[in-house]
Structures are given as C-alpha cells and as structure tokens.
Amino acid sequence: MSVVETVTEVSQTLSSLNLRGGDKEQKTEPYPYAHLLPHFSPEQYPALAPFKHEDPGFRALKHADPRSFLKNATNVVELTPNLGTEVHGVNLATLDSDGRDQLALEVARRGLMVFRGQHEFIDRGADSYLEWGRHFGRLHIHPTSGHPKNYPQVHLVYKDAKSSFNFEREDSITSTVWHSDVSYELQPPGLTTFFLLSQPTTGGDTLFTSQISTLKKLSPSFVAFLRTLSAVHSGVEQAQFSRSGKRGGIVRREPVEHVHPLVRRHPVTGEEALYVNRQFTTRIVGLKREESETILKFLYDHVDKSGDLQARVKWQPGTVVLWDNRVTAHSAIVDYGKSNERRHGARITPQAERPIPALEGLELPSV
C-alpha cells in the first residue's frame, strides 16, 4: 500500500475517534468536525506567482475611529504591555468590511489578538473561512499539510492518540520551535487566523513573541548592522520531512528558498521587526559559515529566552486567534501527548507583501 493510500485510509478512520481523540473515553456520537479532518490530495500545484498585495490596514487609517469595531466589546484586556489583546463580546462572524479593515490594523499594532466565544465563526464552515481570509490577502495553499477535502486553502494541524500530521521533531528535548509561518515564500503571510476545533483538556497552548520587541532589546549599533543583512529562508527541510513518509507524505508544490531582510518594516505601522526564525532561516547571505551560524544562534537564543517579550494563549472552546505573521513568531506546545487527546486546528493564511527591508535600498539577491 502506498503512502497516499495509507494516509487516505487513516483519514477515513479519524472521524470514528471520540471528540477528544483519545482511548480513555470512547463515545458513540460522530465527531462534529469530521468534515474538516485532514485530507491529503496528491494534486500538484505550480510555483506561486508574485502578486500585488493591498493591506486592508491602510483603509482603517482613514477611519475616524480605527478601533470602533471594539465598541461593543464586554471586555478588552492587554495580555502584555507590548504584545497581545484578549477580547470578549465581539462576534467576528458579523464584522463588516470596515470592521475587518480595523481588525487588520489593530492586529498589526498589537501583534496578536485573542477573541473568545467565537462558536458562530468556527461553525460557519470552510466556505466562510475562505471568504473571511480573502478580505486580508491571497490565500496560501500549504505545500505539505493536510486540509479539509476540497478546501486546500485551509491549513490543518492534527494530533491524536494514533496519528500526528504536524511538522514535529522527535529528536529534540523540547517541542518549542519558534517560527514565522512559511517564511520561505517570496510573499509570506500577513494577518493569520487560527482556531481549534478540538483540544486536549489541558496543554496544547501556543506561545507568541513580538519580533518588534526582540529587535528593540538589541543595541542600536548592532541593529544598524543587522539592517544591512539578508538571510535565506528555506522550505526544503519541511518538504523532505513529508517525503520521508511523515505528516501525510505529500509534497504538492516543489520547495522554494527566498532571501528576506533580517530586519523588515511593516508597511502600515512602519514598525521594524526582526525577521529570522529557527525553523526556516538557514543562513545569512554574504557571511562566512561560522559568522552566519554565530549571529543566527545568538538571535535564536534571544528569541527563545525573552520570556518578558512573550505571551501564552491558553485555548478554550470557541477561541479564535489572529496574529500578524510579519512582526511575531510563535510555537505550539506539544505537552499533551500522553493524554491521548485530540488537538485539531485550522489556519486561514492570507499572503502579504514581499518583506520590506528596514534599510532603504537593501538589495535582496536570489538564492
């Protein structure tokens, strides 16, 4: 039996598992999100073509009150001074175009927003997810992940007692791997929407960090040097991981590598942010190997250890999280494996502009 046939058979049996995905409490009722379980179509896609991105946050800057979409909120709490806002009482499913523009601007400013009580948004289904995501940019189709059948634009994460379709390293002492989603693309994502359809009783949280704040912690002279640098972001390892038979064993689009500035500028807010991540950044262009490795290790360690710049999202049913992929990094926490419970999440991933160098005129060579 081929890898594709094996994965298809596994996918078909996933819906027979109980709501939490474990062996501890078998339930007879069908899983309500079975239609959103991972599917691994062998369909192949061509390389992504460049496109012009128009950030909706620009429109919100012209509004008399760019935060008016929050006026009916019952509670708005800043998770940390520099990163993250938790909102209660705002229904994302009913936001109009102006409200979505304002949301894009607020996410750009705060980096991360956590909306509770969004059952209506989640239960509207995949067609609604696509309509929502297209407001913020061209929807990305992930080259290796599972997706709901007939909806390749919806990226899924999935782990239960029997299966894992995530990009996970088993040979590490930690499950924490900071990354900015698919940063290897020429035009990586901007505003990203993510929610869990099923979650473990405890654990499975997500960590976020502000790459604006990590940059500001560095000395001005070092930042000035970093602005002159660019780095290679690569999707090769991720593709090899899938080709080895893991995660579903599918590569729908050949992996790419692109060069991005180490320090990028947000097109709407003008904020500068560090733009390297341990998962996809491989080397700094123009430096010798030891120089590149030393600087990248320092930056990765800085991101890893800066707990004062991080926020932790504890998932609850009906939670929808939005972040700006351009100015944040994140990591799932895989600490729930022994519970044998299911963690099933969906991500809507609009692409944004090619990263804008903080240093005007910085040339970005081809790989």
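Hydrogens, waters and symmetry mates are skipped; everything else that's a heavy atom, side chains included, is used.
- Shortest non-hydrogen contact noted between Ala311 and Thr80 is CB-CG2, 4.0 Å.
- Here Ala104 pairs with Pro56, Phe136, Leu191 under the side chain to side chain contact (heavy atoms under 4.5 Å, CB included) rule; sequence neighbours left out.
- Residues forming a side chain to side chain contact (heavy atoms under 4.5 Å, CB included) with Ser213 (at least two apart in sequence, or on another chain): Asn82, Ser210, Leu309.
- A donor-acceptor contact closer than 3.5 angstrom is absent between the side chains of His147 and His155.
- Ring geometry, Tyr129 versus Phe121: the interplanar angle falls under 30°, so the pair is classed parallel (tilted spans 30 to 60°).
- With sequence neighbours left out, the side chain to side chain contact (heavy atoms under 4.5 Å, CB included) criterion links Pro148 to Leu36, Tyr151, Val154, Leu156.
- Under the side chain to side chain contact (heavy atoms under 4.5 Å, CB included) criterion, Lys149 pairs with His39, sequence neighbours left out.
- Between Gln118 and Phe195 there is no side-chain heavy-atom pair separated by less than 4.5 Å.
- Here the shortest heavy-atom pairing between Ala352 and Gln187 reads O-NE2, 2.9 Å.
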Give the table of side-chain donor-acceptor pairs shorter than 3.5 Å for residues 353-367, with sequence neighbours excluded, one pair per line with atom names and distance.
from   : atom 1 : to     : atom 2 : distance (Å)
Glu353 : OE1    : Arg326 : NH1    : 2.9
Glu353 : OE2    : Arg264 : NH2    : 3.2

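- Rounding to the nearest 0.5 Å places CD of Gln310 at 8.0 Å from CG of Asp304.
- The aromatic rings of His302 and Phe298 sit parallel to each other, their planes meeting at less than 30°, with 60° as the upper class boundary.
- His142 is listed as a side-chain neighbour of Arg347, based on a closest heavy-atom distance under 4.5 Å.
- Within the 3.5 Å criterion, the main-chain N or O of Val177 finds a donor-acceptor partner in the side chain of His179.
- Residue Pro32 comes nearest to His35 through the heavy atom pair O-CE1, 3.3 Å, listed as atom of the first residue, atom of the second, then distance.
- Of the possible polar contacts, none joining the Gln316 side chain to the Arg116 backbone as a donor-acceptor pair under 3.5 Å is found.
- No chain of hydrophobic side-chain contacts below 4.5 Å, direct or via other Ile, Leu, Val, Met, Phe, Trp or Tyr residues, connects Val263 to Val285.
- The main-chain N or O of Pro189 is never found under 3.5 Å from a side-chain atom of His140 such that the two would form a donor-acceptor pair.
- No donor-acceptor pair closer than 3.5 Å links the side chain of Gln211 to the backbone N or O of Asn325.
- Of the possible donor and acceptor atoms, one in the side chain of Thr74 sits under 3.5 Å from a partner among the backbone N and O of His88.
- Within the 4.5 Å cutoff, no side-chain heavy atoms of Asn91 are placed close to those of Asn72.
- Note that CD1 of Ile284 is 9.0 Å distant from OG of Ser230, once rounded to the nearest 0.5 Å.
- Side chain of Gln199 to main chain of Trp315: a donor-acceptor pair is present (N/O by atom type, distance under 3.5 Å, no hydrogens or angles).
- A salt bridge between Arg67 and Glu106 is present, with a side-chain N of the basic residue lying under 4.0 Å from a carboxylate O of the acidic one.
- Between Leu186 and Gln351, every side-chain heavy-atom pair lies at or beyond the 4.5 Å cut-off.
- Under a 3.5 Å cut-off, the side chain of Glu291 and the backbone N or O of Lys288 do form a donor-acceptor pair.
- Two residues are said to be in side-chain contact when any heavy atoms from C-beta on lie closer than 4.5 Å; Leu215 and Val223 meet this criterion.
- Aromatic ring pairs are classed by plane angle as parallel below 30°, tilted from 30° to 60° and perpendicular above 60°; the pair His344 and Tyr158 is perpendicular.
- Closest non-hydrogen pair, Gly99 versus Asp96, comes out as N-OD1, 2.7 Å.
- If you check the side chains of Asp181 and Thr349, you find no donor sitting under 3.5 Å from an acceptor.
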Given Asp308 and Lys217, is the salt bridge (charged side-chain N to carboxylate O under 4.0 Å, His left out) satisfied, shown in steps? CA-CA 11 Å; Asp308 54 335; Lys217 284 283 187 177; 3.2 Å; yes
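- A distance of 11.5 Å separates CG of Asn277 from CG of Leu299, quoted to the nearest 0.5 Å.
- Using modelled atom types, one finds a donor on one side chain and an acceptor on the other under 3.5 Å when comparing Trp132 with Thr193.
- Residue Thr269 holds its OG1 atom at 8.5 Å from CZ of Arg109, rounded to the nearest 0.5 Å.
- At a threshold of 4.5 Å between side-chain heavy atoms, the hydrophobic network of Ile, Leu, Val, Met, Phe, Trp and Tyr places Leu70 and Leu322 in one connected group.
- For the pair Ala73 and Val87, the tightest heavy-atom approach, listed with the atom from each and the gap, is CB-CG1, 4.1 Å.
- Judged purely by atom type and a 3.5 angstrom limit, Thr214 has no side-chain atom pairing as donor or acceptor with the backbone of Ile212.
- Applying the ring-ring contact (aromatic ring centres under 6.0 Å, His included) rule to Phe225 yields no partners; only residues at least two apart in sequence or on another chain are considered.
- Taking a cutoff of 4.0 Å between a charged side-chain nitrogen and a carboxylate oxygen, Glu290 and Lys297 do not qualify as a salt bridge.
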Evaluate the criterion side chain to side chain contact (heavy atoms under 4.5 Å, CB included) for residue pair Val256 and Leu48; output intermediate values, then yes/no. CA-CA 10 Å; Val256 296; Leu48 293 175; over 6 Å; no
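- Using cut-offs of 30° and 60° on the angle between ring planes, the pair Phe115 and Phe69 is tilted.
- At a threshold of 4.5 Å between non-hydrogen side-chain atoms, the residues Phe241 and Thr144 do not count as touching.
- The minimum heavy-atom distance between Ile250 and Pro42, with the atom names listed, is CD1-CA, 4.2 Å.
- Note that the CZ atom of Arg100 and the CZ atom of Arg59 stand 11.0 Å from one another [nearest 0.5 Å].
- At least one side-chain heavy atom of Asp301 sits under 4.5 Å from a side-chain heavy atom of Arg278.
- Considering Tyr275, Tyr184, Phe280 as possible partners of His233, the one that fulfils the ring pair (Phe, Tyr, Trp, His ring centres under 6.0 Å) test is Tyr275.
- When the side chains of ILVMFWY residues are joined at heavy-atom separations under 4.5 Å, either directly or via intervening members, Leu287 and Leu262 end up in a single hydrophobic cluster.
- By the 4.0 Å N-to-carboxylate-O rule, Arg124 lies too far from Glu131 to be salt-bridged with it.
- Side-chain contact check for His258 versus Pro188: every heavy-atom pair is 4.5 Å or farther apart.
- How far CG of Leu37 is from CG of Asp160: 9.0 Å, rounded to the nearest 0.5 Å.
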